A.B. asks: 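Starting off with a structure, shown below.
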Amino acid sequence: MTSLLEVNNISLAFRQRTGFFSPPQLIPAVKSVSMQVREGEVMAIVGESGSGKSTLAKLVLRLLMPDTGSITIDGRPSSTLSPRDFANLVQPVFQDPYSSLNPKRTLADIIQMPLIVRGGVSAKECQDRARELFGRVGLPMRLFHTYPNQISGGQRQRVAIARALMLRPKLLVCDEPTSALDVSVQAQILKLFEELKQSFGLTYLFISHNLAVVERIADRIAVMYRGEIVEQGETAPFFAAPRHPYSRMLLSSVLIPIAGRPLPLVSRDFETSVSCESPATERPIVATRGCRP
Ligand SMILES: Nc1ncnc2c1ncn2[C@@H]1O[C@H](COP(=O)(O)OP(=O)(O)OP(=O)(O)O)[C@@H](O)[C@H]1O
Ligand SMILES: [Mg+2]
């Protein structure tokens, strides 16, 4: 398998002002991250809140530009691709299906929009493709001309997925695509991701807090901690024997829903055993592997 996505040593620090006269503070969100995602593979990114997962996704999606480093997609430097070529290769699926769909458009319009913007096909072809995708993502045709507020959260996420597939991209960048959904709906959407991957030959960069989701869907995993990838590897060996202390901590701190059990804490021993810029503090890791979808 060849690499569809290559991230080469990218870094990004946000500049944030704390006061009118104070100089901007640098917040390093992604630090020297490198990874390769092979065609047809599901690469999961896990890590606690604030570790830089969404920032990495936005860099891949070109919603942010790196300070240093480069990204290659399908063998071409991402920064040199035209918006049209980029959209034909990479599409996003975001966490919140409530805010990611325009409430004033019908589902039919929302799904067709990427192809209408790109052009090159007739209105009939565009609508036929949208109808076909509507069925493929498991939506009943009677909803085709309804509005986002008339459907459920799970159905909204199906619409977002259909829209992402409209241009037949190779890579889907999914940022917590099931986190806003009920557990039973999460399982259905995950199954849909698995089916679509097979039928459309897709590659996923799949961000999730939920280790059970990741264990089920991912071929490989990258663990982010404070902007860096501290470990990456195949899923099964990772879950059997994580190498990095933070990965071990992440797996051992899985939340098993037992009434009265407090959140696990990252110990100071661990925090001081990895290189980091901010002072060591105790804070909970967010992981819900115990809540298997
Ligand atoms: N627009 C921004 N301006 C300033 N700082 C930002 C901005 N976006 C993110 N950050 C900071 O960058 C760091 C990484 O944020 P990011 O959203 O990538 O984390 P995350 O791993 O996706 O977290 P979560 O799991 O909560 O979604 C955090 O410290 C965050 O506060
Ligand atoms: Mg995020």
Side-chain angles (χ1 to χ4, degrees), residues 5 7 9-20 22-35 37 43-69 71 90-100 157 160 164 172-181 186 189 204-215 217-218 221-232 244 246-247 249-251 253-255 263-264 266 271 274-289 291 293:
L5 170 68
V7 175
N9 210 18
I10 55 166
S11 299
L12 175 69
F14 290 105
R15 283 146 195 85
Q16 203 173 50
R17 276 189 191 278
T18 47
F20 193 73
S22 48
Q25 261 191 345
L26 284 184
I27 302 167
V30 168
K31 293 188 265 183
S32 305
V33 164
S34 294
M35 66 159 78
V37 185
M43 176 66 146
I45 312 284
V46 298
E48 67 187 350
S49 188
S51 57
K53 305 180 300 294
S54 294
T55 306
L56 178 60
K58 286 176 191 164
L59 287 163
V60 171
L61 287 165
R62 299 205 312 193
L63 299 172
L64 293 169
M65 287 296 143
D67 294 330
T68 58
I71 296 174
V90 185
Q91 286 288 322
V93 179
F94 293 111
Q95 173 175 2
D96 184 2
Y98 290 87
S99 63
S100 64
Q157 202 57 311
L172 283 196
V173 177
C174 311
D175 190 354
E176 307 265 9
T178 60
S179 306
L181 308 172
Q186 280 186 22
I189 298 292
Y204 296 148
L205 185 64
F206 198 96
I207 291 168
S208 181
H209 272 105
N210 191 325
L211 293 177
V213 166
V214 164
E215 191 173 18
I217 199 166
I221 292 181
V223 180
M224 283 193 83
Y225 181 72
R226 295 189 175 179
E228 291 176 77
I229 290 185
V230 293
E231 175 169 359
Q232 53 181 313
H244 192 274
Y246 177 69
S247 311
M249 189 69 70
L250 199 61
L251 286 186
S253 65
V254 159
L255 298 181
L263 284 171
V266 178
E271 291 263 343
V274 293
S275 68
C276 53
E277 284 160 10
S278 33
T281 51
E282 288 191 342
R283 54 185 168 149
I285 288 175
V286 181
T288 52
R289 193 176 170 211
C291 305

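Keep in mind it's a predicted model, so treat the numbers as computed, not measured. First listed ligand is number 1; within each ligand, the first listed atom is number 1.
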A.B. asks: Of the backbone and side-chain N, O or S atoms of Ser54, does one lie nearer to the Mg ion (ligand 2) than 2.8 Å?
C.D. replies: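 Yes.
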
A.B. asks: Can you tell me how the ring of Phe206 sits relative to the ring of Tyr204, calling it parallel under 30°, perpendicular over 60° and tilted otherwise?
C.D. replies: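 Phe206 and Tyr204: tilted rings.
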
A.B. asks: Considering only the protein, which heavy-atom contact is closest to atom 25 (O) of ligand 1, and what is its distance?
C.D. replies: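 Looking at atom 25 (O) of ligand 1, the protein heavy atom closest to it is Lys53 NZ, 2.7 Å.
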
A.B. asks: Among all protein heavy atoms, pick the one closest to atom 9 (C) of ligand 1 and tell me residue, atom and distance.
C.D. replies: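 Looking at atom 9 (C) of ligand 1, the protein heavy atom closest to it is Phe14 CE1, 3.4 Å.
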
A.B. asks: For ligand 1, find out whether one of its N or O atoms is nearer than 3.5 Å to an N or O atom of Gly47.
C.D. replies: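 The answer is no, given that Gly47 and ligand 1 share no N or O pair closer than 3.5 Å.
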
A.B. asks: How does Glu48 reach ligand 1, if at all, at less than 4.0 Å between non-hydrogen atoms: by side chain, backbone, both, or neither?
C.D. replies: backbone

A.B. asks: How far is atom 16 (P) of ligand 1 from its nearest protein heavy atom, and which residue and atom is that?
C.D. replies: Thr55 OG1, 3.6 Å

A.B. asks: Which heavy atom of the protein is the closest neighbour of atom 24 (P) of ligand 1, given with residue, atom name and distance?
C.D. replies: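 Answer, as residue, atom name and distance: Ser49 OG, 3.6 Å.
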
A.B. asks: How does Gln16 reach ligand 1, by side chain, by backbone, by both or by neither, if only non-hydrogen atoms under 4.0 Å count?
C.D. replies: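 Answer for Gln16: side chain.
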
A.B. asks: Return the residue, atom name and 0.1 Å-rounded distance of the protein heavy atom closest to atom 23 (O) of ligand 1.
C.D. replies: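 Result: Gly50 N, 2.8 Å.
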
A.B. asks: I'd like to check atom 31 (O) of ligand 1 in this structure: does the protein have a heavy atom lying under 4.0 Å from it?
C.D. replies: no

A.B. asks: Tell me, which protein residue and heavy-atom name are nearest atom 17 (O) of ligand 1, and how many Å apart are they?
C.D. replies: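 Nearest neighbour among protein heavy atoms for atom 17 (O) of ligand 1, to 0.1 Å: Ser54 CB, 3.8 Å.
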
